[in-house]
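Here's the structure, in structure tokens; my notes come after.
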Number of protein chains: 2
Amino acid sequence: MNLAEVGNLVGDLARAQMLTALLDGRALTAGELAWCAGIMPQTASSHLAKLQGAGLLAMEKQGRHRYFRLSSPTVAAMLESMQVVCAVDAPRRIRPESRMDRDLRMARSCYDHLAGVLGVSLADALTDRGAVDLAADGGVVTPVGRKILAEFGIDVDQLSQQKRCFCRPCLDWSERRHHIAGALGKGLSDRLFDLGWVERIRDSRVIRVTPEGRRGLKKTFAIDHPA
Amino acid sequence: MNLAEVGNLVGDLARAQMLTALLDGRALTAGELAWCAGIMPQTASSHLAKLQGAGLLAMEKQGRHRYFRLSSPTVAAMLESMQVVCAVDAPRRIRPESRMDRDLRMARSCYDHLAGVLGVSLADALTDRGAVDLAADGGVVTPVGRKILAEFGIDVDQLSQQKRCFCRPCLDWSERRHHIAGALGKGLSDRLFDLGWVERIRDSRVIRVTPEGRRGLKKTFAIDHPA
DNA sequence: GGAACACTTCGACCGACGCCGAAGCGTGCC
DNA sequence: GGCACGCTTCGGCGTCGGTCGAAGTGTTCC
């Protein structure tokens, strides 16, 4: 397998839509993916066979359904980096407002961390008070930030010992700005779930901010998250 | 611009070969790129126009030559992550031995750090003596490693304060194993150049290990780099 | 057993795109 | 000026692959 083959696999609109739908790590049935891509089941079937054959997708049978998911975080990372290039190359364009995915824009999961307006606001808040310092290729937590995060219930030392990139800016495709990924991003996300400030919406990447979370975000980070 | 468009751009063999040739950050002329891709200049011209139009490549006129390079490290990162997926998906295959790119396999630059047998050996040496601990998504330097690297002339604290990913495993496409990227990868590379242990070959990604470097690598890291 | 359902396989159609030859444009060298 | 050179534009050719209808396989439910 070479670069061109991988590019080709992603380079079809229908397949790209399927992959995007799978980007949050959930597994979807062939039918659902066909619907996502706006094509007939038999067409989807051939696409899925290609993606699976190339090892981008993993499949699991369950009764008469076939569930597909991204085969590894490596694939998710690749798609993410491709989306970043998309967003960077088209920095200024009229934002196509769509009612339907307003919720998705507000807050969603991006593999294992938070994205959307919420994710970006959180990154902004931490940057504004000098807690983290983000650059193109990574980021650091300042001594001040260490203290702020500790008060919020996040042990930076423990996170930084994980064998993964500690802090990484991840370009948000809806907001065209960065949110925080890496161990810190996951840590923040986990903490918000633990506190009950946010919760997942079934069968969706959408994340709901609870009333309690709205109060907490306002008080702790001065974030006014829209209802 | 969307995911599929980017995929499509990379998804052509000729374009993929051009992009790969540009992956070390150098700028090449349209003619050189045509040669790399094994196509006629007029065909290359249309490919390059597409890549440039999409913002993946930047162009600079110089006399009657046109120099093309990757427009940003973001693009390089994307290509790298795509190559990783290529390599992961095809883990075991008969290695196609080619005399021509033996040098390239032995040691080369990968954007801003070292790759090839040399890069992998270095990563192995550091891992073996417990200096670094690499995982799928990142890596850490142990206290022991901090000491080893300090003796070698690398200030880990300074590197870790850079606003980029500190240590990241980068899958080596020729060796199918990891070498070290990120700030640490660049730090190692810089140090080897400063010591005069390695040097660039003009107009190529190939890196030559000097006799002095061969001795040094053997003594310091117990690496027997082939001549 | 039979019907509904999820999905796959096969075959035919057709549009998109990569390819090169020929010709045109701008630059540098003698 | 004249020629060589690097590159681009244009036009026609060929092929590859995405598309869907029809038919087939396997599963669930009654």
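It should be emphasised that the depicted structure is a prediction, and the values quoted were computed from it without experimental measurement.
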Notebook entry, point to check: D/dG6 P sits how many Å from B/M40 CE, rounded?
Noted result: 14 Å
Next item on the list: Using whole Å, report how far CG of B/L13 lies from C1' of C/dC19.
Entry: 13 Å
Validation: residues 36-50 of chain A side-chain donor-acceptor distances under 3.5 Å, sequence neighbours left out:
unit_1	atom_1	unit_2	atom_2	d
A/S46	OG	A/T43	O	3.2
A/H47	ND1	A/R15	NH1	3.1

Next item on the list: Answer yes or no: is there a side-chain heavy-atom contact under 4.5 Å between B/L13 and B/Q17?
Entry: yes
Note to self: Ignoring hydrogens, what is the shortest heavy-atom contact between B/E199 and B/F193? Give both atom names and the distance.
What the structure shows: CA-CE2, 3.7 Å
Next item on the list: Return the set of residues passing side chain to side chain donor-acceptor pair (under 3.5 Å) with B/D190 (not counting sequence neighbours), or none when no residue passes.
Entry: B/K186
Notebook entry, point to check: When every nucleotide of nucleotides 7-18 of chain D is labelled 5' to 3' by its protein contacts under 4.0 Å (heavy atoms), B for base, S for sugar-phosphate only, - for none, what sequence of letters results?
Noted result: SBB--------S
Item checked: Interatomic distance where CG belongs to A/L33 and P belongs to C/dT8 [whole Å] -> 10 Å
Notebook entry, point to check: So, A/S71 side chain and A/L56 main chain: donor-acceptor pair closer than 3.5 Å or not?
Noted result: yes
Notebook entry, point to check: In whole angstrom, what separates B/L9's CG from C/dG18's C1'?
Noted result: 14 Å
Check: Can you name the closest pair of heavy atoms from B/F68 and B/A30 and give their distance?
Finding: CE1-CB, 4.0 Å
